[in-house]
Amino acid sequence: MSLPKTLAEDVARNLVMVARLIDEDPEQAYAYSRIALRLASRVAAVREAAGFAAYATQRYSEALAEFRASRRMTGAVELWPVMADCERGLGRPERAMAMAGEPEVQKLDKAGQVEMRLVAAGARRDMGQLDAAIVTLQSPELASHAVHSWTPRLRYAYADALLEAGREDEAREWFGKALEADKDGSTDASDRLAELDGVEFVDALGEDDDEDLPDDVPDDVPDNPRHAADTGVEADAEGDAGGDDAPQADAGREGADGDADGPAKA
């Protein structure tokens with residue numbers, strides 16, 4: 001609302017593309033975020049989006065700077081866990097642990113506090129403190145039978161830490177609990193369980209089988225195994241950054257205000 005209408009629309013289109021692409025093509029999402037940043041660097045939502053795009057491409061220093069800029073503009077604490085995770089990405093787990101003990105954590109909602117717990121446990125593992133990481137994850141949220149958006153990841157992290165500690169039976173149990181809660185497939189708990197049980201997945205159509213197909217069989221014949229393999233995944237039209245959704249020129253737009261604390265990541 002703080003931008004002229006035409007500029008606001010240009011910025012919004014780029015932010016939409018960031019959201020569409022950040023999971024499937026993070027580098028392209030990052031490119032769109034940089035355009036939005038050049039157009040409207042004084043808008044907190046733009047700085048936050050740029051931070052997440054940088055985080056998704058492992059540009060942790062850059063992401064941290066953008067998150068700090070957004071926090072200065074809004075005074076909000078929601079980004080505290082991902083800022084701490086950026087410190088981990090920069091090889092500074094001790095800073096992430098220090099952030100886990102700051103008053104800002106108490107201002108987070110339940111989801112944010114669970115995220116902070118996950119980051120703290122990861123920092124403990126980074127520092128070789130595996131037992132401490134396991135204890136960090138042991139919480140009322142882990143023991144609860146209620147399922148929330150963060151439940152699969154919390155249970156998965158606990159199972160993974162147990163497995164690293166050599167507690168395989170317990171790890172199998174918690175990977176199973178993570179799978180039960182993971183209705184959206186946000187973790188690979190099923191694959192980890194299969195590995196523990198010695199199940200090996202093989203491609204039903206190997207390279208040799210593909211090479212043995214007659215050359216005169218058209219690819220578009222439904223019974224052709226090559227055709228079936230090639231069309232197993234439908235392309236996502238929204239993920240195409242070309243055409244009308246391609247990055248827009250930003251000539252004559254607002255310049256960056258240079259208030260970032262340095263390069264950024266998440």
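The model shown is predicted, which means the values in this text are computed figures rather than measured ones.
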*Asks:* Before you tell me yes or no, could you show the steps for R155 and D182 under salt bridge (Lys or Arg N to Asp or Glu O under 4.0 Å), namely the whole-Å CA-CA distance, both residues' side-chain angles and the distance that decides it to 0.1 Å?
*Replies:* CA-CA 10 Å; R155 293 177 179 178; D182 192 3; over 6 Å; no
*Asks:* Identify whether the distance between the nearest side-chain nitrogen and carboxylate oxygen of D160 and R192 falls below 4.0 Å.
*Replies:*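 Result for this pair is yes, salt bridge flagged.
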*Asks:* Would you check if P26 and L21 make a side-chain contact, meaning some heavy-atom pair closer than 4.5 Å?
*Replies:*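 P26 vs L21: side chains apart.
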*Asks:* Which heavy-atom pair separates L7 from L3 by the least distance, and what is that distance?
*Replies:*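 Minimum heavy-atom contact is CD2-CD2, 4.0 Å.
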*Asks:* Within a strict 4.5 Å, meaning less than it, do heavy atoms of the K107 and W80 side chains meet?
*Replies:*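 Of all side-chain heavy-atom pairs linking W80 with K107, none is under 4.5 Å.
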*Asks:* Could you report the tightest heavy-atom contact between L15 and A36, atom names first, then the distance?
*Replies:*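 Where L15 meets A36 most closely, the heavy atoms are CD2-CB, 3.8 Å.
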*Asks:* Side chains of Y156 and D188: closer than 4.5 Å at any heavy-atom pair?
*Replies:*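 The answer is yes, as the side chains (C-beta and beyond) meet within the 4.5 Å cut-off.
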*Asks:* A side-chain contact here means heavy atoms from C-beta on lying under 4.5 Å apart; do L163 and L196 qualify?
*Replies:*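 The answer is yes; the side chains approach within 4.5 Å.
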*Asks:* Is a side-chain N or O of S33 found less than 3.5 angstrom from the main chain of Y30, in a donor-acceptor match?
*Replies:*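 Present.
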*Asks:* Has the side chain of T74 got a donor or acceptor atom that lies under 3.5 Å from a matching backbone atom of S70?
*Replies:*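 Present.
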*Asks:* Can you see which heavy atom on A189 is nearest to which on F175, and at what distance?
*Replies:*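 What the structure gives for the nearest pair is CB-O, 3.7 Å.
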*Asks:* Quick one: OG1 on T151 to CD on E180, what's the gap to the nearest 0.5 Å?
*Replies:*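 One gets 12.0 Å once the value is rounded to the nearest 0.5 Å.
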*Asks:* Would you say R47 and R72 make side-chain contact, with heavy atoms under 4.5 Å?
*Replies:*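 No, every pair of side-chain atoms sits at 4.5 Å or beyond.
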*Asks:* So do the side chains of L142 and W174 get within less than 4.5 Å of each other, counting heavy atoms only?
*Replies:*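 L142 reaches W174 side chain to side chain.
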*Asks:* Would you check if Q138 and Y158 make a side-chain contact, meaning some heavy-atom pair closer than 4.5 Å?
*Replies:*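 In contact.
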*Asks:* Nearest heavy-atom pair of S144 and A146: which atoms, and what distance?
*Replies:*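 Heavy-atom minimum between the residues: OG-N, 3.1 Å.
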*Asks:* Is it true that E48 and R71 make a salt bridge, defined as a side-chain N closer than 4.0 Å to a carboxylate O?
*Replies:*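 R71 and E48: not salt-bridged.
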*Asks:* Which pair of heavy atoms, one from V119 and one from A96, lies closest together, and at what distance?
*Replies:*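 The pair with the smallest heavy-atom distance is CG1-CB, 4.4 Å.
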*Asks:* From M97 CE over to R124 CZ, what is the distance, rounded to the nearest 0.5 angstrom?
*Replies:*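 These two atoms lie 3.5 Å from each other.
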*Asks:* Does the E66 side chain pair with the main chain of A50, one donor and one acceptor, at a distance under 3.5 Å?
*Replies:*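 Absent.
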*Asks:* Counting only heavy atoms not in D109, do more than 12 fall under 6.0 Å of its CG?
*Replies:*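 Above 12, so yes.
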*Asks:* Decide yes or no for R153 and E115: does some side-chain heavy atom of the first lie under 4.5 Å from some side-chain heavy atom of the second?
*Replies:*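 A side-chain contact under 4.5 Å exists here.
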*Asks:* Salt bridge between D197 and R172, side-chain N to carboxylate O under 4.0 Å?
*Replies:*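 Salt bridge present between D197 and R172.
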